[in-house]
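Structure first, commentary second.
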Amino acid sequence: RIMPHSKQPSHFQSLMLLQWPLSYLAIFWILQPLFIYLLFTSLWPLPALYLAWLFLDWKTPERGGRRSAWVRNWCVWTHIRDYFPITILKTKDLSPEHNYLMGVHPHGLLTFGAFCNFCTEATGFSKTFPGITPHLATLSWFFKIPFVREYLMAKGVCSVSQPAIDYLLSHSTGNLVGIVVGGVGEALQSVPNTTTLILQKRKGFVRTALQHGAHLVPTFTFGETEVYDQVLFHKDSRMYKFQSCFRRIFGFYFCVFYGQSFCQGSTGLLPYARPIVTVVGEPLPLPQTENPSQEMVDKYHALYMDALHKLFDQHKTHYGCSETQKLFFL
C-alpha cells in the first residue's frame with residue numbers, strides 16, 4: 001500500500017476538528033442534564049414546552065427531516081475539510097429528474113468523508129451536483145434523543161429506517177439518500193491498508209431502490225480507513241465479547257482506536273491528517289417494481305458490486321493504493 005505522508009496540522013485546525021465530537025458530548029453531557037434539571041425548577045415550562053413540541057414533531061425525521069442551509073455552511077466544516085484534506089470527485093452528472101440511493105463505502109471509524117461531503121457544504125456539494133439534495137442515513141435511535149435529533153436533521157441527516165427512506169424516494173425528485181451499507185460491523189474492521197467491504201449479503205438497499213425505481217450510485221472514499229489505527233481483539237477474547245454486548249445495547253461497536261496528538265510523533269485521539277477523497281460513481285438505472293423477486297434483487301446487486309469494483313480499480317492508483325491492491329467483499 002502506498003501511503004501519503006501524514007502532515008502535522010496546526011493547533012487551530014486540530015481544535016476545529018475536535019469541535020465535531022465535542023459538540024455531541026456537549027449535547028449529551030451538558031444540554032441533557034440541564035434539560036432534566038430545569039424540569040424541577042421554576043423554569044419547568046421551557047422543557048415542558050419542548051417535550052410537547054417534541055411529541056408533535058416526532059415523525060419529522062421520517063418525513064424528510066428539517067435541514068438548515070445555515071448549519072450546513074458553518075465555517076467549522078471548512079476547517080475539518082482542510083485538516084485532512086477532504087474532497088469529492090464527480091465522475092458523472094446526476095439528473096435532478098430522478099431519485100438516487102447511494103451506497104457509501106467504506107464505513108471507516110467516524111465516516112469523515114461522507115459526513116463532510118454530504119452533510120455539509122464544505123466541499124461544495126450543491127455546486128458539484130446542482131439540483132440534488134443529499135441525505136446521509138444513520139441509526140434511528142439518534143433521532144429519539146432531544147437536541148441531538150435537531151442537530152442531525154439540520155445537517156441533512158436522516159433515519160436509516162425503512163419509512164424514512166421510502167418517504168425521501170417517493171416525494172419529489174432530486175433526492176440522494178446515502179446508506180453506509182457495511183454498517184457498524186464494517187467499522188470494527190476499519191484498519192489501515194485494508195479494502196474489505198461487508199456487502200455480499202447486504203441486499204436490502206437494492207430491493208428498496210427497485211421498489212421506487214431509484215438509481216443506485218456507488219461511491220468509494222479513499223483514505224477513510226487510513227486516519228486511525230485500531231486495536232483488534234480476537235473473537236474469543238473478553239474485550240471482543242464486551243464490544244458485541246455494547247453493540248446489542250447501543251447499536252454500534254465500542255472501538256479502541258488511536259491517531260496522533262498535537263505534538264509531532266506522539267499518540268493521541270486526533271486522526272492522522274491524510275487525504276480523504278470520495279469518488280461518486282456513475283448511477284445505475286433500475287426499473288420500478290413494487291414487489292421485486294429475489295432473482296431481480298440478486299441481479300442488480302451483482303451489477304452494483306461490479307460497478308463498485310470498477311470504480312475502485314479505476315481510481316485506486318490516484319489515491320494511495322498500489323496497482324495490485326484488491327477490493328474484497330464479505
Side-chain angles (χ1 to χ4, degrees), residues 1 21 24 101-115 117-119 135-144 152 157-162 164-165 177-209 216-259 271 276 278 297-298 300-302 304-309 311-312 321 325-330:
R1 181 69 178 252
Y24 285 98
L101 195 56
M102 173 178 64
V104 177
H105 312 277
H107 185 289
L109 280 165
L110 296 179
T111 324
F112 285 112
F115 164 79
N117 287 315
F118 306 123
C119 300
H135 305 265
L136 185 64
T138 190
L139 296 174
S140 302
W141 71 269
F142 284 146
F143 296 92
K144 295 176 171 59
L152 292 175
V157 180
C158 69
S159 168
V160 77
S161 68
Q162 194 65 48
I165 297 174
V177 182
I179 299 178
V180 188
V181 182
V184 293
E186 205 169 82
L188 199 61
Q189 302 182 23
S190 177
V191 292
N193 305 322
T194 59
T195 47
T196 301
L197 306 179
I198 298 178
L199 183 59
Q200 282 191 347
K201 297 181 180 180
R202 302 289 174 93
K203 302 180 181 182
F205 73 105
V206 178
R207 182 179 299 277
T208 297
L216 284 176
V217 180
T219 71
F220 192 91
T221 300
F222 293 91
E224 187 67 60
T225 61
E226 311 300 329
V227 297
Y228 277 117
D229 287 303
Q230 182 177 185
V231 180
L232 300 181
F233 300 95
H234 192 273
K235 291 187 176 181
D236 293 329
S237 67
R238 291 182 179 180
M239 188 60 193
Y240 184 85
K241 293 176 181 178
F242 166 75
Q243 289 177 315
S244 300
C245 180
F246 189 92
R247 184 199 173 179
R248 286 194 294 271
I249 297 172
F250 296 102
F252 58 93
Y253 283 106
F254 182 91
C255 297
V256 180
F257 59 90
Y258 60 92
I276 295 176
T278 298
V297 172
D298 292 342
Y300 284 100
H301 182 262
Y304 176 84
M305 288 199 299
D306 183 58
L308 180 60
H309 207 288
L311 184 72
F312 175 81
C321 296
Q325 185 75 33
K326 301 296 183 181
L327 181 65
F328 297 101
F329 299 132
L330 296 179

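Please read all numbers here as calculations on a predicted model, not as lab measurements.
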Under a 3.5 Å distance rule, please check whether [X] uses its side chain to pair with a backbone N or O of [Y] as donor and acceptor.
| X | Y | value |
| --- | --- | --- |
| Q230 | A187 | yes |
| T225 | G108 | no |
| H107 | Q189 | no |
| T195 | K326 | yes |

Non-neighbouring partners of [X] that pass side chain to side chain donor-acceptor pair (under 3.5 Å), sequence neighbours left out:
| X | value |
| --- | --- |
| H309 | D313 |
| R207 | Q294 |
| D306 | K310 |
| S190 | none |

> With sequence neighbours left out, what residues match A137 under side-chain contact (heavy atoms from CB on, under 4.5 Å)?
Replying inline: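 side-chain contact (heavy atoms from CB on, under 4.5 Å) check on A137 returns C158, V160, I179.
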>> Once side-chain contact (heavy atoms from CB on, under 4.5 Å) is applied, do any residues pair with A114, and if so which ones, sequence neighbours excluded?
In response: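 By the side-chain contact (heavy atoms from CB on, under 4.5 Å) rule, A114 matches V104, T111, F118, L136.
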>> Tell me the closest heavy-atom pair linking P218 and L311, and the distance in Å.
In response: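 Looking at all heavy atoms of both residues, the shortest contact is O-CD2, 3.7 Å.
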> Where do T221 and G113 come nearest, in terms of heavy atoms and distance?
Replying inline: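 So the minimum-distance heavy-atom pair works out to CG2-CA, 4.2 Å.
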>> Can you list everything that forms a ring-ring contact (aromatic ring centres under 6.0 Å, His included) with Y304? Sequence neighbours excluded, please.
In response: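 Partners of Y304 under the ring-ring contact (aromatic ring centres under 6.0 Å, His included) test: H105, F205.
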> ring-ring contact (aromatic ring centres under 6.0 Å, His included) with F312: which residues, sequence neighbours excluded?
Replying inline: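 Scan of F312 (ring-ring contact (aromatic ring centres under 6.0 Å, His included), adjacent residues dropped) gives F220, F222.
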Is any side-chain heavy atom of [Y] closer than 4.5 Å to one of [X]?
| X | Y | answer |
| --- | --- | --- |
| F143 | V157 | yes |
| L199 | L308 | yes |
| N117 | I276 | no |
| N193 | E226 | yes |

>> How long is the straight-line distance from CH2 of W141 back to OG of S161, given to the nearest 0.5 Å?
In response: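 CH2 of W141 is found 15.0 Å from OG of S161.
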> Atom CG of D229 and atom CZ of F257: how far apart are they, to the nearest 0.5 Å?
Replying inline: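 Reported to 0.5 Å precision, the distance equals 11.5 Å.
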> So which of L327, V191, L330 actually passes side-chain contact (heavy atoms from CB on, under 4.5 Å) with T196?
Replying inline: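 Single pass found, and it is L330.
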> Which pairs, with at least one residue in residues 183-203 and sequence neighbours excluded, count as a salt bridge (Lys or Arg N to Asp or Glu O under 4.0 Å)?
Replying inline: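 The answer is K203-D298.
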Let me check something: any side-chain donor-acceptor pairs from residues 238-248 under 3.5 Å, sequence neighbours excluded? List them with distances.
residue: Q243; atom: NE2; partner: F254; partner atom: O; Å: 2.8
residue: S244; atom: OG; partner: Y240; partner atom: O; Å: 3.1
residue: R247; atom: NH1; partner: Y253; partner atom: OH; Å: 3.4

> For residues 184-203, which residue pairs qualify under ring pair (Phe, Tyr, Trp, His ring centres under 6.0 Å), counting only residues two or more places apart or in two chains?
Replying inline: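 Listed by first then second residue: nothing to list.
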> Is the count of non-hydrogen atoms from other residues, nucleotides or ligands lying under 6.0 Å from K144 atom NZ greater than 12?
Replying inline: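 Yes, because the 6.0 Å sphere around NZ of K144 holds more than 12 heavy atoms from other groups.
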